[in-house]
A.B. asks: 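Supplied in structure tokens, the structure appears directly below.
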2 protein chains.
Amino acid sequence: MSKPEKVTKTTSKAKIRQENEKTILKAAESVFAEYGFRGATTSMIAERANIPKANLHYYFPTKQALYRQVVDNIFNIWLQAADSFDDCDDPIEALTRYIEKKMDISRENPMGSKVWANEIIRRAPVIQDYLETTLKDWTESRVAIIQRWIDQGKINPVDPQYLLYMIWSTTQHYADFNHQIETLNGGTPLSDAQYQIAKDNAIEIILTGIGARK
Amino acid sequence: MSKPEKVTKTTSKAKIRQENEKTILKAAESVFAEYGFRGATTSMIAERANIPKANLHYYFPTKQALYRQVVDNIFNIWLQAADSFDDCDDPIEALTRYIEKKMDISRENPMGSKVWANEIIRRAPVIQDYLETTLKDWTESRVAIIQRWIDQGKINPVDPQYLLYMIWSTTQHYADFNHQIETLNGGTPLSDAQYQIAKDNAIEIILTGIGARK
DNA sequence: CGTTAATTTGACCAAATGGTCAGGAATTAG
DNA sequence: CTAATTCCTGACCATTTGGTCAAATTAACG
């Protein structure tokens, strides 16, 4: 056979690269989340990935390049959430799905959310173009959908823009400020049950708040 | 006369110190907000304050000391907002006042909010004791007030804890993410009128959302 | 096997960083 | 006025930083 017999071989050049890049990206995400771009150091990232710094620079020549890759991954997750807010006639269904998705992301990928927050706080030196194109277009289309719901009398006449901000802030808060939440929860992270309550609460208050509940 | 005649003199040792410290603290706040503690440099702060770095270190011997002072100031502003949520029988009145106050702070002191956000993201190395004492006590007392409103049938049975998180996140979002909001607003900051709408929207959705509106 | 290509890493470097210090300038006290 | 005190700052230093490189190791393939 020309194909290698042991596809599940522990080591293979392709696999090595794939795994190392993944490990480094994960370490980088958590360090960038905690210290921002300037505050993060490549040695810290290398240490957290359990490799020598020189090896990190073999895979990612510069700190910039590594950061860009991390941010790209995060933006893809964001896109995934964005998709869940589809053009649906029922505001309850659409918003419930969207808020739920965003809450799930905050729980499963808190580091990514923090990197994003840091980027915005720094005035988006890397993702500014995303904000002005993809995010802006997406936002405008959803504003239109929400406005349609209002025109159809399905929800109260709230300002769609600020409703979106409220959804973003509430859901992302559980990622960005999870340390504060944990501290107020007696030093232990929210349990799955507690997180479910938080999720239900957010959905309930927002849907009731815009008059979607009949 | 033993007292100096020219009290309004442009230069006096006491005045000089007071003004320089204020200038440095303001510059430090904006640099720490943008880059976090690690990412900020004393030269950047000195430059933004228009003084030589050595002069900065004359007033604040270490970066740590300067940061601590900045955080202390921010915490005092937070306390000021906290006070506006008093033990009031009317949830509409109390929550409206509190949300309004928090929105005003976000507008007038966005840098402080960002420094706070950075601190929490870094797991509160400096303010952890505040979180565990002052913030925790305050939160518990407000949870009790909200619970009382629920028991009295004045608002829907929401979970008080998560309602607070929603208020914090929504209001602080306008400070921490103001760059994103500005970008989505066509590159210009929210006008006073727009900010008023954002404020009204937040109050309206939250109060309606918990069933406080009759 | 042997050759080639990919991976690993200790040692190294120039630039940036937090912080120091000596000495000069300005203000105040007597 | 003089002396004491506070303020100011250019020059300096040890450490940390992002990044390089040559040499060694490992896998790929005929």
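Only heavy atoms go into these numbers, but all of them, side chains included; no hydrogens, no water, no symmetry mates. Each chain gets a letter, A, B and so on, in the order the sequences are listed, and its residues count up from 1.
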A.B. asks: Given atom OH of B:Tyr35 and atom P of C:dA16, what is their separation to the nearest angstrom?
C.D. replies: 15 Å
A.B. asks: Give the rounded distance in Å between these two atoms: CZ of B:Phe60 and C1' of C:dG18.
C.D. replies: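 Checked: the CZ to C1' distance equals 16 Å.
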A.B. asks: Does D:dT17 have OP1 or OP2 under 4.0 Å away from a side-chain N or O of B:Arg38?
C.D. replies: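 True: B:Arg38 side-chain N/O within range (under 4.0 Å) of D:dT17 OP1/OP2.
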A.B. asks: Select from A:Leu56 and A:Lys53 the residue whose nearest nucleotide in DNA chain C is closer to the 5' end of that strand.
C.D. replies: A:Leu56
A.B. asks: Looking at D:dT9, D:dT20, C:dG18, which one has an atom nearest to any side-chain atom of A:His57?
C.D. replies: D:dT20
A.B. asks: Do the ring planes of A:Tyr165 and B:Tyr174 sit parallel (below 30°), tilted (30 to 60°) or perpendicular (above 60°)?
C.D. replies: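 Ring orientation of A:Tyr165 relative to B:Tyr174: perpendicular.
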A.B. asks: Across the strands shown, which category fits A:Ala65 at heavy-atom distances under 4.0 angstrom: base, sugar-phosphate, nothing?
C.D. replies: nothing
A.B. asks: Under a 3.5 Å threshold, yes or no: a donor from one side chain and an acceptor from the other, between B:His179 and A:Gln128?
C.D. replies: yes
A.B. asks: Closest approach to the side chain of A:Ala54, judged atom by atom: which nucleotide of D:dG19, C:dT9, D:dA27 is it?
C.D. replies: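 Of D:dG19, C:dT9, D:dA27, C:dT9 is nearest to the side chain of A:Ala54.
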A.B. asks: Rounded to whole Å, how long is the line connecting atom CG of A:Asn20 with atom P of D:dA27?
C.D. replies: 12 Å
A.B. asks: Among the candidates C:dT7, D:dG18, C:dG18, find the nucleotide nearest to the side-chain atoms of A:Thr42.
C.D. replies: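 For A:Thr42, the side-chain atoms sit closest to D:dG18.
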A.B. asks: In terms of relative ring orientation, are B:Phe85 and B:Trp149 parallel, tilted or perpendicular, with 30° and 60° separating the classes?
C.D. replies: parallel
A.B. asks: Just call it for B:Ala46: base, sugar-phosphate, or nothing, with non-hydrogen atoms closer than 4.0 Å on any strand.
C.D. replies: nothing
A.B. asks: OH of B:Tyr58 versus C1' of C:dT20: gap in Å, rounded?
C.D. replies: 15 Å
A.B. asks: Choose from D:dG19, D:dT9, C:dT8 the nucleotide whose nearest atom is closest to any side-chain atom of B:Asn55.
C.D. replies: D:dT9
A.B. asks: Among C:dG18, D:dG18, D:dT9, find the nucleotide with the atom closest to the side chain of A:Thr41.
C.D. replies: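 Among C:dG18, D:dG18, D:dT9, the one nearest the side chain of A:Thr41 is D:dG18.
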A.B. asks: Assess the side chains of A:Asp104 and A:Tyr195: does a donor N or O sit below 3.5 Å from an acceptor N or O?
C.D. replies: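 Per modelled atom types, A:Asp104 and A:Tyr195 side chains form no pair under 3.5 Å.
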A.B. asks: Should A:Arg17 be listed as having a side-chain N or O under 4.0 Å from OP1 or OP2 of C:dT7?
C.D. replies: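 Affirmative; the distance criterion is met.
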A.B. asks: Would you say a side-chain N or O of A:Tyr59 is under 4.0 Å from OP1 or OP2 of C:dA6?
C.D. replies: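 It does not, given that no N or O in the side chain of A:Tyr59 lies less than 4.0 Å from OP1 or OP2 of C:dA6.
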A.B. asks: I'd like to know if A:Asp83 and A:Lys101 make a salt bridge, using a cut-off of under 4.0 Å between side-chain N and carboxylate O.
C.D. replies: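 Looking at A:Lys101 together with A:Asp83, the answer is no, because their closest N to O distance does not fall below 4.0 Å.
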A.B. asks: Please report, rounded to the nearest Å, how far the P atom of D:dA28 is from the NZ atom of A:Lys15.
C.D. replies: 12 Å
A.B. asks: Rounded to the Å, how far apart are A:Glu47 CD and C:dT9 C1'?
C.D. replies: 16 Å
A.B. asks: Rounded off to whole Å, could you give me the NZ-to-P distance for the B:Lys63 and C:dT20 pair?
C.D. replies: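 Result: 14 Å.
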